[in-house]
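First comes the structure, then the notes that go with it.
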Amino acid sequence: MAAVAHLNPPNSPSLSERRRNHNFRLLSVVSASANNKLRVNGINGFPSDDPCLSLRVAFQGSHGAYSEFAAKTAIPNCATLPCRSFSDAIAAVENGRADRAVLPVESTMEGTALRNYDLLLRRDLRITQEISLFVHYCLLAMPGVRTTELRRVISHPMALAHCGRAISQLGLRREPVEDTAGAVQMLRSHRLLDTAAIASPRAGLLYGLDVLADGLQDASWNVTRFLLLSKPVTAATTVAGKAKTSMVVAHRGGSMMVLLKVLSAFSSRNINLTKLEVNNPSIEGQGPVMVLDVKAMGSLRAFSHLIYVDFEGSTEDLRVQEALEEIAGFSVFVRILGCYAADCNVYDLHY
């Protein structure tokens, strides 16, 4: 497991070099074996949950999914619980089947996954940790199958889109399935000899498949940010190291004026923002966003304008408290989504 500085990894090719040299590499067949294991060493220098406790983390997909890898990177000793949907993963925490849920919320290729943010806003969960992964796609096939024998490729629709150039060069027919690891599972269980799957190298090792092509993604810098969620805790928790806080601000109309006021509340106190995004679903003809008001008997409230904000600092800081008080004075609704240890690293998966 390698941790590298966010967006500019040391001892690695520059972004321009990676783009210039990106043409995906056809490899000699690599078979997964019992001796070819992945090592997950955790996050050096960043606090995670007590490694002595076997926390249960729910994720969407099958074993070998990127979300599961994110969970294992954040909490190396956790037990993972595969779920059919992101909503099911959140429900697993709510009903006690899991201690955490992991959700992908942003990627360098797709932007913000607003649907998953919407799920978070509807539930009474808190962000406890963030983790960013470099998404590395491989072309996987049954042992002994050659590239020339393939007729189609299966994977999650987003993975197929991310690897469109390579798929076209191979001349394969695309068929979407629910998730990348699920594609690998389907390939293995049905012993499909004319079909390849696009997934992570870890999935290939878990299911004993051959890697026919490596680095299929069209964009060489493909990073996804995940959030780990838990039930609210009653006792105050202290964040070790540099803290980050996520919040949502709701208002009714006048997005630009409210946005400027939010910026002023933080900039006047020298608080750095790491994320600022306006969600105005009415522009695309969609209905309002439903947000759970955890202070009003758990009722859902509808808002047509939302601002997502991540900033450096803890809710225990006096400057942060002053900024939040100012924002609450001119907005309709403010909700803190979590205060957690900031992690600006990007973690890469190696064989």
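Below, all heavy atoms of this structure are taken into account, side chains as well, without hydrogens, waters or symmetry copies.
Here OG1 of T245 is found 9.0 Å from CD1 of I271. Values are rounded to the nearest 0.5 Å. Between atom CG of residue D194 and atom CD of residue E149 there is a gap of 9.5 Å, rounded to the nearest 0.5 Å. Atom CG of residue L318 and atom CD of residue E322 lie 4.5 Å apart, to the nearest 0.5 angstrom. Of the inter-residue distances, the one linking L55 atom CG with N77 atom CG reads 9.5 Å to the nearest 0.5 angstrom. Between the OG atom of S62 and the CD atom of Q185 there is a distance of 4.0 Å, given to the nearest 0.5 Å. The line from OG1 of T108 to CZ of F134 is 8.5 Å long, rounded to the nearest 0.5 Å.
Side chain of D218 to backbone of R165: a donor-acceptor contact under 3.5 angstrom is found. At distances below 3.5 Å, at least one donor-acceptor pair connects side-chain atoms of D179 with backbone N or O atoms of A181. For R56 (side chain) and G96 (main-chain N/O), a donor-acceptor pair under 3.5 Å exists by modelled atom type. With E326 contributing its side chain and A323 its backbone, the two residues share no donor-acceptor pair below 3.5 Å. Here the side chain of H156 pairs a donor or acceptor atom with the backbone of M158 at under 3.5 angstrom. Panel note: side chain S264, backbone L260; no donor-acceptor pair is recorded below 3.5 Å. At least one donor-acceptor pair closer than 3.5 Å links the side chain of R335 to the backbone N or O of L121. In this structure, D317 contributes its side chain and R319 its backbone to no donor-acceptor pair below 3.5 Å. Without hydrogens or angle criteria, D210 side chain to G144 main chain gives a donor-acceptor distance under 3.5 Å. With hydrogens and angles ignored, the 3.5 Å screen pairs no side-chain donor or acceptor of E175 with any backbone N or O of V153.
Sorted by first and then second residue, the pairs that involve residues 295-304 and meet salt bridge (Lys or Arg N to Asp or Glu O under 4.0 Å), not counting sequence neighbours, are D293-R301. Residue pairs meeting the ring pair (Phe, Tyr, Trp, His ring centres under 6.0 Å) criterion with at least one member in residues 255-274, sequence neighbours excluded, are F266-F311. Annotation: salt bridge (Lys or Arg N to Asp or Glu O under 4.0 Å) contacts involving residues 182-191, sequence neighbours excluded, are absent.
The side-chain contact (heavy atoms from CB on, under 4.5 Å) test applied to S85 returns S87, D88, not counting sequence neighbours. Partners of F303 according to the ring-ring contact (aromatic ring centres under 6.0 Å, His included) rule, which considers only residues two or more places apart in sequence or in another chain, are F333. By the side-chain contact (heavy atoms from CB on, under 4.5 Å) test, A197 is found to be paired with I154, A183, V184, L187, residues two or more places apart in sequence or in another chain being considered. In this view, P288 and A302 satisfy the side-chain contact (heavy atoms from CB on, under 4.5 Å) rule, not counting sequence neighbours. Partners of R225 by salt bridge (Lys or Arg N to Asp or Glu O under 4.0 Å), not counting sequence neighbours, listed by chain and number: E106, E130, D310. Applying the side-chain hydrogen bond (donor to acceptor under 3.5 Å, both in side chains) criterion to E68, with sequence neighbours excluded, gives H63, T80, R202. With sequence neighbours excluded, the residues that form a side-chain hydrogen bond (donor to acceptor under 3.5 Å, both in side chains) with T195 are R152. Legend: residues meeting side-chain contact (heavy atoms from CB on, under 4.5 Å) with N272, ordered by chain and number and at least two apart, are E312.
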Open item on the list: If you apply the rule side-chain contact (heavy atoms from CB on, under 4.5 Å), what do you find for L324 with I336, and how did you get there?
Closed with: CA-CA 10 Å; L324 295 177; I336 301 298; 4.0 Å; yes
Task: Pair V248-I307, side-chain contact (heavy atoms from CB on, under 4.5 Å): steps then yes or no - done: CA-CA 6 Å; V248 62; I307 301 176; over 6 Å; no
Open item on the list: Let's go through I131 and N345 carefully: what are the C-alpha distance in whole Å and the side-chain angles of both, what is the deciding distance for side-chain contact (heavy atoms from CB on, under 4.5 Å) to 0.1 Å, and is it a yes or a no?
Closed with: CA-CA 8 Å; I131 187 80; N345 291 322; over 6 Å; no
- [ ] Please lay out, stage by stage, how S155 and Y137 fare under the test side-chain hydrogen bond (donor to acceptor under 3.5 Å, both in side chains).
- [x] CA-CA 10 Å; S155 193; Y137 290 119; over 6 Å; no
Open item on the list: As a quick check of understanding, evaluate side-chain hydrogen bond (donor to acceptor under 3.5 Å, both in side chains) for H136 and N222, giving each step before the final call.
Closed with: CA-CA 8 Å; H136 184 85; N222 185 12; over 6 Å; no
Task: Residue pair T128, L227: steps toward the side-chain contact (heavy atoms from CB on, under 4.5 Å) verdict - done: CA-CA 8 Å; T128 60; L227 297 177; over 6 Å; no
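L206 and G64 make their closest contact through CD1-CA, 3.5 Å (heavy atoms, listed as atom of the first residue, atom of the second, distance). Nearest heavy-atom pair, P104 versus F86, reported as atom, atom and distance to 0.1 Å: CD-CE2, 3.3 Å. Nearest heavy-atom pair, N280 versus S304, reported as atom, atom and distance to 0.1 Å: OD1-O, 3.3 Å. Minimum interatomic distance between G164 and R174 (heavy atoms only, all atoms of both residues): O-NH2, 3.2 Å. A159 approaches I198 most closely through the heavy-atom pair CB-CG2, 4.3 Å.
None of L103, V93, V102 except one satisfies the side chain to side chain contact (heavy atoms under 4.5 Å, CB included) rule with L229; the exception is L103.
Connectivity analysis of hydrophobic side chains (ILVMFWY, heavy atoms under 4.5 Å, direct or indirect) links M290 to L292, V294, L300.
More than 12 heavy atoms of other shown residues, nucleotides or ligands fall within 6.0 angstrom of atom NZ in K275. Atom CD of E325 has 12 or fewer neighbouring heavy atoms from other residues, nucleotides or ligands inside a 6.0 Å radius.
Y308 and L125 fall within the same hydrophobic cluster, where Ile, Leu, Val, Met, Phe, Trp and Tyr residues are linked whenever their side-chain heavy atoms come under 4.5 Å apart, directly or through other members.
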